[in-house]
There are 2 protein chains.
Amino acid sequence: MAGQQPERKRQERGRRRMEQLADAAAEVFAETGYAKATTNAIAARAGVSPGTLYQFFANKEAIAEVLAQRYRAALQAAHDKAFDPGFATLPLPDLIDRMIGPMIEVNVANPGFKALFNAADMPERLAAPTRQLHQAVVGKIAEVLATRAPDMSEESVRTTAVVATQIFGALLNTVVAAPEAEREVWITELKRALRGYLEPIIGA
Amino acid sequence: MAGQQPERKRQERGRRRMEQLADAAAEVFAETGYAKATTNAIAARAGVSPGTLYQFFANKEAIAEVLAQRYRAALQAAHDKAFDPGFATLPLPDLIDRMIGPMIEVNVANPGFKALFNAADMPERLAAPTRQLHQAVVGKIAEVLATRAPDMSEESVRTTAVVATQIFGALLNTVVAAPEAEREVWITELKRALRGYLEPIIGA
DNA sequence: CGAAATTACGAGTGATTGCTCGTATTTGTC
DNA sequence: GACAAATACGAGCAATCACTCGTAATTTCG
């Protein structure tokens, strides 16, 4: 039997195995994508048999689920740092610096997760919550914009927020994919792009 | 037998079938992604049996191959329009207008192709040529930038070109995904973003 | 120690899917 | 009409893969 819904009691060894398996899954998913990744490959990467994997995870989706939880938790923490209320009155360049820092860090620390949870082959169940978090970010950015440019229509604020996050998301991929040494260059360009887009709209 | 490498002689009916199958494949790939799309589903969508599909295509990859060729040809045509030498001396806003127009058109006319050929589950053989075309575009943009800002270092020019295409690519997805009625709004924002990024670097 | 629970194994199973092949129908050519 | 080539069918084969299950080793705890 398997598929332990009511969470059987885990020993220390078991908890370590679950971490191992999740780590291995993160690697395999990142390399091949969700659909092409095989559970046997994940087990092999973790150095265990297929049967052992299913002692700890009900199915393939459940493995991705714990990764999604990891990622969402890390994102949430980054968001909390990025949207510090004290930033609201900073000059635009400083505001941008403060806000994108934590977001870049979390994605550099979790390479491949952003791509994985945006991929078309990922089950809707797992992609949806991450999208929801993303929408929340857009909302927060819209709030910041609205306080800085009170004259803008609600619709324009929303549009601007969406575009700013799109720009951020696109260049974030480049930043994450870049070798350590080049990362700063791309981060500089990312900031330049955001300032260039936002300054004419909401001022410095 | 099947797998007709030396291209057997096609009748009119056969050529129509191939178009039907390619069209059906474009739909199914767009809906489910390359890996999850089944050849039987493609055949069914085209209203033929699995056997018939394999009268015309050696394997699943060959179907995607003709789509890749379609897309590349359309992209190439768009590039030729976008990089008209006469545009080089236009004011920046006009230059941007002229260049992105054809690129947007081709992607609106081929929805899903951009995402498909960038996906992780697509065989490398098919993704590579499209990436190469993309690299060529970056090179062309770098040329335009270099003539407009002769003082910039080669490296900076390259970086700026990459970032500009990233911004374009990100917002292009939004433009393509948007309902017809909203498209103009997003195109306006796309232009605004490009101007905002480029103007401080290379002037108007 | 000894019993129960947990962890581990890995060959095997059922379902899915890319693709085949024997056969039947349609089309082009004389 | 007659023959060959092209088109069409669809049941089924072989390979892949998520997942199972019988069994065995290890850990926990009285």
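Note on naming: letters A, B, ... go to the chains in the order of the sequence lines (proteins, then strands), and numbering restarts at 1 for each one. FYI, side chains are in, hydrogens and waters are out, and symmetry mates aren't considered; it's all heavy atoms of this structure.
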Look at [X] and [N] and indicate whether a side-chain polar atom (N or O) is within less than 4.0 Å of OP1 or OP2.
{"X": "A:Ser49", "N": "C:dC9", "result": "yes"}
{"X": "A:Arg13", "N": "C:dT6", "result": "no"}
{"X": "B:Thr39", "N": "C:dT17", "result": "no"}
{"X": "A:Arg10", "N": "C:dT7", "result": "yes"}
{"X": "B:Arg17", "N": "D:dA8", "result": "yes"}
{"X": "B:Lys60", "N": "C:dG18", "result": "yes"}
{"X": "B:Tyr54", "N": "C:dT20", "result": "no"}

With sugar-phosphate meaning primed atoms plus P, OP1 and OP2, does A:Ala37 contact a base, only sugar-phosphate, or nothing at under 4.0 Å between heavy atoms?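 Sugar-phosphate contact only.
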Where the side chain of B:Thr147 meets the backbone of B:Val144, is there a donor-acceptor pair that is under 3.5 Å apart?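 Yes: the side chain of B:Thr147 pairs with the backbone of B:Val144.
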Closest non-hydrogen atom pair between B:Val162 and B:Thr165, with its separation: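 Of all heavy-atom pairs spanning B:Val162 and B:Thr165, the closest is O-OG1, 2.7 Å.
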Residue closer to the 5' end of DNA chain D, B:Gly14 versus B:Asn40 (nearest nucleotide):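 Per heavy-atom nearest nucleotide, the more 5' residue is B:Gly14.
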By nearest nucleotide on DNA chain C, pick out whichever of B:Glu12 and A:Thr52 is the more 5' one.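 Between the two, 5'-proximity favours A:Thr52.
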What about B:Gln55: does its side chain form a donor-acceptor pair under 3.5 Å with the base of D:dA8?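 Donor-acceptor pair under 3.5 Å: yes.
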Ion pair A:Asp97/A:Arg195, N-O distance below 4.0 Å: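 A:Arg195 and A:Asp97: not salt-bridged.
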Regarding A:Lys60 and the six-membered ring of A:Tyr54, is the cationic atom NZ or CZ under 6.0 Å from the ring centre and inside 45° of its axis?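 No, A:Lys60 does not sit over the ring of A:Tyr54.
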